Amino acid sequence: MLGRTLIIFCAAVLFISCEEQIDYYNLATFSGNNKLNAVIEIPAGTNKKFEYNKETKSFEIDKKNGKDRVITFLPYLGNYGFIPSTFSDPKTGGDGDALDVLILSESVKTGTVMETIPIAMLKLIDDGEIDYKIIAIPSLKEDQIINADTYKTFVTDFPEIKTMIETWFLNYNKSDETQIEGWGNEKEAMEEINKNKSH
């Protein structure tokens, strides 16, 4: 009986390990509901810098000098990740990664794919590279923590959050030279997303 149980267990482990991993990097930019997809790497309120490795198709803690990269500042203000099937081209000043997104919502797990509504774009320059940040809210009303689905409403009703985001991105990584060029509204955010779609 023990032998049969062991065989069934080993078969189950083999089956699970052979399942194809999700290629988050190449998911659709927009959902079937025409909402912007966002892949969460770093949950809100945490400070370990997880990144998606498109080669291994896994979420891994970023390393710096052989050590786990941990933000030694306030934790992430929102769920941080990337917009799938986008690419910020280094030939045009980009950082060679997918577009970054910060979702203002309660914390969700690494690997969550969330439908979002872009409301703004922080125009950040990081060590001379364009590193714009799309600011978004969840598309589902019950997941929204602020009542702002446009840039105008965001800056009018929540100017303190805008200031907090600026302060955080200017200070979370003291080893990089970071500056803010300004902000873009939801229309500019969508233009940036569409301009950087990889397919």
Side-chain angles (χ1 to χ4, degrees), residues 23-30 36-44 46-104 110 114 116 118-136 151 154-155 161-199:
D23 183 0
Y24 289 94
Y25 200 76
N26 288 303
L27 291 176
T29 303
F30 295 96
L36 181 69
N37 280 327
V39 177
I40 307 307
E41 295 171 299
I42 306 166
T46 63
N47 65 345
K48 283 189 179 168
K49 188 142 177 38
F50 279 91
E51 288 194 342
Y52 181 67
N53 183 325
K54 60 186 176 184
E55 306 304 322
T56 63
K57 296 182 180 154
S58 62
F59 294 90
E60 303 167 357
I61 295 179
D62 191 27
K63 303 277 186 193
K64 192 169 191 176
N65 301 323
K67 295 182 180 177
D68 289 355
R69 191 161 165 218
V70 178
I71 303 305
T72 55
F73 191 61
L74 293 173
Y76 279 80
L77 302 176
N79 295 291
Y80 189 77
F82 65 91
I83 299 167
S85 294
T86 61
F87 180 69
S88 182
D89 196 337
K91 293 176 188 167
T92 56
D95 63 3
D97 292 325
L99 286 178
D100 296 325
V101 62
L102 179 73
I103 301 108
L104 304 176
T110 297
M114 186 185 287
T116 66
I119 61 170
M121 179 173 63
L122 175 63
K123 298 177 181 179
L124 198 71
I125 304 298
D126 187 1
D127 277 345
E129 295 176 332
I130 294 170
D131 195 13
Y132 291 177
K133 311 294 182 187
I134 304 300
I135 311 300
Y151 180 71
F154 176 57
V155 298
I161 296 175
K162 180 176 173 272
T163 301
M164 289 168 69
I165 291 169
E166 289 177 352
T167 302
W168 194 88
F169 277 107
L170 287 173
N171 292 281
Y172 85 100
N173 185 358
K174 298 292 187 188
S175 64
D176 286 355
E177 188 179 318
T178 310
Q179 54 193 24
I180 294 173
E181 281 189 334
W183 284 81
N185 62 19
E186 69 277 10
K187 184 180 175 192
E188 287 179 79
M190 285 300 295
E191 286 170 359
E192 187 70 14
I193 292 159
N194 286 318
K195 181 178 88 175
N196 288 283
K197 277 178 68 176
S198 56
H199 57 272

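A quick note: this is a predicted structure, and the numbers were derived from the prediction, not measured. When reading the values below, keep in mind they use all heavy atoms of this one structure, side chains included, and skip hydrogens, waters and symmetry mates.
Taking 4.5 Å as the limit, every side-chain heavy atom of Asp126 sits out of range of all side-chain heavy atoms of Asp95. Residues Val155 and Trp183 fail the side-chain proximity criterion, which asks for heavy atoms closer than 4.5 Å. Within the 4.5 Å cutoff, the side chain of Lys197 has no heavy atoms near those of the Phe87 side chain. Considering only heavy atoms from C-beta on, Asn53 stays 4.5 Å or farther from Phe59 through its side chain. The shortest side-chain heavy-atom distance between Ile119 and Tyr151 does not fall under the 4.5 Å cut-off. A 4.5 Å side-chain heavy-atom check between Asn185 and Glu188 finds at least one atom pair inside the cut-off. At least one side-chain heavy atom of Phe30 sits less than 4.5 Å from a side-chain heavy atom of Asn194. Looking only at side-chain heavy atoms (C-beta outward), Tyr172 and Asn47 stay at 4.5 Å or farther from each other.
Applying the side chain to side chain donor-acceptor pair (under 3.5 Å) test to pairs two or more places apart or on separate chains, those with a residue in residues 76-88 are Asn79-Ser105, Tyr80-Asp100, Tyr80-Lys133, Ser85-His199.
Scanning for side-chain contact (heavy atoms from CB on, under 4.5 Å) contacts around Lys195 gives Glu192, with sequence neighbours left out. In this structure, the side-chain contact (heavy atoms from CB on, under 4.5 Å) partners of Gln179, at least two apart in sequence or on a different chain, are Ile125. A search for salt bridge (Lys or Arg N to Asp or Glu O under 4.0 Å) contacts involving Glu181 returns nothing, not counting sequence neighbours. Among residues two or more places apart in sequence or in another chain, the side-chain contact (heavy atoms from CB on, under 4.5 Å) test is passed with Ala189 by Pro118, Met121, Ile134.
Across every non-hydrogen atom of Ile42 and Lys48, the tightest pair is CG2-O, 3.6 Å. Among all heavy-atom pairs drawn from Pro84 and Thr29, the shortest one is O-OG1, 2.9 Å. Residue Lys64 comes nearest to Ser175 through the heavy atom pair NZ-OG, 3.0 Å, listed as atom of the first residue, atom of the second, then distance.
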Contacts under 3.5 angstrom, residues 65-74 side chains, donor-acceptor by atom type, not counting sequence neighbours:
residue, atom, partner, partner atom, Å
Asp68, OD1, Lys63, NZ, 2.4
Arg69, NH1, Asp62, OD2, 3.1

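Between the OG1 atom of Thr167 and the CG atom of Leu77 there is a distance of 9.0 Å, given to the nearest 0.5 Å. Taking CE of Met114 as the reference point, atom CG of Leu36 lies at 11.5 Å (rounded to 0.5 Å). In this structure, CD1 in Ile40 is found 9.0 Å from CG in Leu102, a value given to the nearest 0.5 Å. Here the CD1-OG distance, from Ile83 to Ser198, works out to 11.5 Å after rounding to the nearest 0.5 Å. Note that CG of Asp97 and CG of Asp131 are 8.0 Å apart. Values are rounded to the nearest 0.5 Å. Rounding to the nearest 0.5 Å places CH2 of Trp168 at 9.0 Å from CG of Asn173.
Below 30°, between 30° and 60°, or above 60°: for Phe82 and Tyr25 the angle between ring planes is between 30° and 60°, a tilted geometry.
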*List the steps and the verdict of side-chain contact (heavy atoms from CB on, under 4.5 Å) for Lys57 and Tyr52.*
CA-CA 7 Å; Lys57 296 182 180 154; Tyr52 181 67; 3.4 Å; yes
